[in-house]
Amino acid sequence: MKQIKVLKGTKDILPQDVETWQFVEDCANKVFSSFGAKEIRTPIIEATELFARGVGNTTDIVNKEMYTFEKSDRSITLRPENTAGVVRSYIENGMSRLSAPVKLWYHGPMFRYERPQAGRQRQFHQVGVEMFGIDKPTADAEVILMAENFLKSVGLTDLSVEINSLGCPKCRLEYKEKLKNVIRPYLDKLCDDCQERFEKNPLRLLDCKVESCQAIYAKPEIQEVINSDFLCDDCKKHYVELKDYLNKLGIKYSENKLLVRGLDYYTRTVFEIKSNNLGAQNAVCGGGRYDGLVEQLGGEHTPAVGFAMGMERLISLLPERKQTISDGFIVSNDMTEAFKLAQELRSQGFNIEMDLANKKFTKQLEKASKSAKYALILGEDEISQNKVSVKNLETSQQQTVDRHECSKYLK
Ligand code: HAM
């Protein structure tokens, strides 16, 4: 019969890798909790409209990457990201009544129908933070600090933080018009994607990776607009203050005027954290401020800022972890006694395995030496005297001890 294989762009996370995932999730819990953030778990399926309205109709995500299906006349989508879902939950559960800032963190699978390549999957995982209720740049600075502390806690330091300000819808509109005017004469020379983005989302033009487009955007008159200072006074103040906080916090960053991000909801601050060791898909973390999104999804006006990190990308940068082995492996031909001792020790918090196939003693010992720190030998003599022979599988030293004292040796 034909073998069924895992779907393209998806991966099994195998037992030998799960410990690293658990380590990263534990670090996230510890670090984000240390900032007073609470974990939130929202559904993987949401109404398609949430993403159309939330992430934006002009984005690649909504236009071509969503897994959408109909069920009982409803259009449902597997979440391509989690900011929109967390905002929906924030509104639906009246979290605006809580005292600000409301800090939420999450981790879990996301789905985007993208062309799979190194660092890009169709089912991938994100760990992220969303903070609601503070419009000051202190919130942006703290969110970036949360990302940094977390990355440090998992052991990653060789990363660079890039920031930019996209301004508010008002000052950005003028900038978009200027950009379109200066690019318009080259419109027919741009790639198909850029031609489409020209009207829908001109800021994304700057993101294009096609060389001929990049050559056009490098022209002096276009660069002049890109490098012009288009921010209104309030947006400028916000950005200057944020940089000031980052400097004082000792967070190294560089400014990147071309950083625009691929989702529509951002206002003012956007940032990315990149690794030099990841190839083309080098963004480990992406985030920014989205002051209009809560209102856009039917809530009261609520400023917000957050980020999400790709867990696969992050984990690919970590050294391989040694798998932990069990504390003890019971070697015995008396299954009933072996079960009893295993349960006694498990109830005291030890990880205990035993032979279930009723193999010969020597085979059991062989298995023990591969999977545990100690072999706990229960032969006929030990059982009749209520003792256990404890063998250290690293040093091969062996001692026979009273059964109730066995746990002392495992510690
Ligand atoms: P994003 O930039 O679309 O932002 O995704 C954040 C991170 O998820 C990326 O930097 C990358 O590490 C990872 N990622 C994205 N797509 C894939 C993929 N196909 N395969 C593997 N990893 C991927 C967001 O999703 C926003 N919701 C972030 C945010 C939260 N902004 C404010 N709050």
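As a basis for the values below, the full set of heavy atoms in this structure was taken, side chains included, without hydrogen atoms, waters or symmetry mates. When a ligand or atom number is given, it counts from 1 through the structure's own listing order.
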Backbone of Val62 reached by a side-chain donor or acceptor of Thr59 within 3.5 Å: yes
Among Arg79, Gln121, Met311, the one residue meeting side chain to side chain contact (heavy atoms under 4.5 Å, CB included) with Met110: Arg79
With sequence neighbours left out, what residues match [X] under ring pair (Phe, Tyr, Trp, His ring centres under 6.0 Å)?
X	answer
Phe150	Phe32
Phe230	Tyr175
Phe51	none

Minimum heavy-atom distance between Phe198 and Lys180, given as atom pair plus value: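 Of all heavy-atom pairs spanning Phe198 and Lys180, the closest is CZ-O, 3.4 Å.
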Note down each nitrogen or oxygen pair, ligand 1 side and protein side, whose separation is under 3.5 Å; give only atom names and the distance to 0.1 Å.
from	atom 1	to	atom 2	distance (Å)
ligand 1	2 (O)	Arg261	NH1	2.9
ligand 1	2 (O)	Arg261	NH2	2.9
ligand 1	3 (O)	Arg112	NH1	3.0
ligand 1	3 (O)	Arg112	NH2	2.9
ligand 1	4 (O)	Arg261	NH2	2.9
ligand 1	5 (O)	Gln126	NE2	3.1
ligand 1	8 (O)	Gln126	NE2	3.1
ligand 1	10 (O)	Ala283	O	3.3
ligand 1	12 (O)	Ala283	O	2.8
ligand 1	12 (O)	Val284	O	3.2
ligand 1	12 (O)	Gly310	N	3.1
ligand 1	16 (N)	Arg112	NH1	3.4
ligand 1	19 (N)	Glu114	OE2	2.7
ligand 1	19 (N)	Gln121	O	2.8
ligand 1	20 (N)	Gln121	N	2.9
ligand 1	25 (O)	Arg112	NH2	3.1
ligand 1	25 (O)	Gln126	NE2	3.1
ligand 1	27 (N)	Glu81	OE1	2.6
ligand 1	27 (N)	Thr83	OG1	2.8
ligand 1	27 (N)	Tyr265	OH	3.0
ligand 1	31 (N)	Tyr266	OH	2.7
ligand 1	33 (N)	Thr83	OG1	3.3
ligand 1	33 (N)	Glu130	OE1	2.8
ligand 1	33 (N)	Glu130	OE2	3.1
ligand 1	33 (N)	Phe307	N	3.3

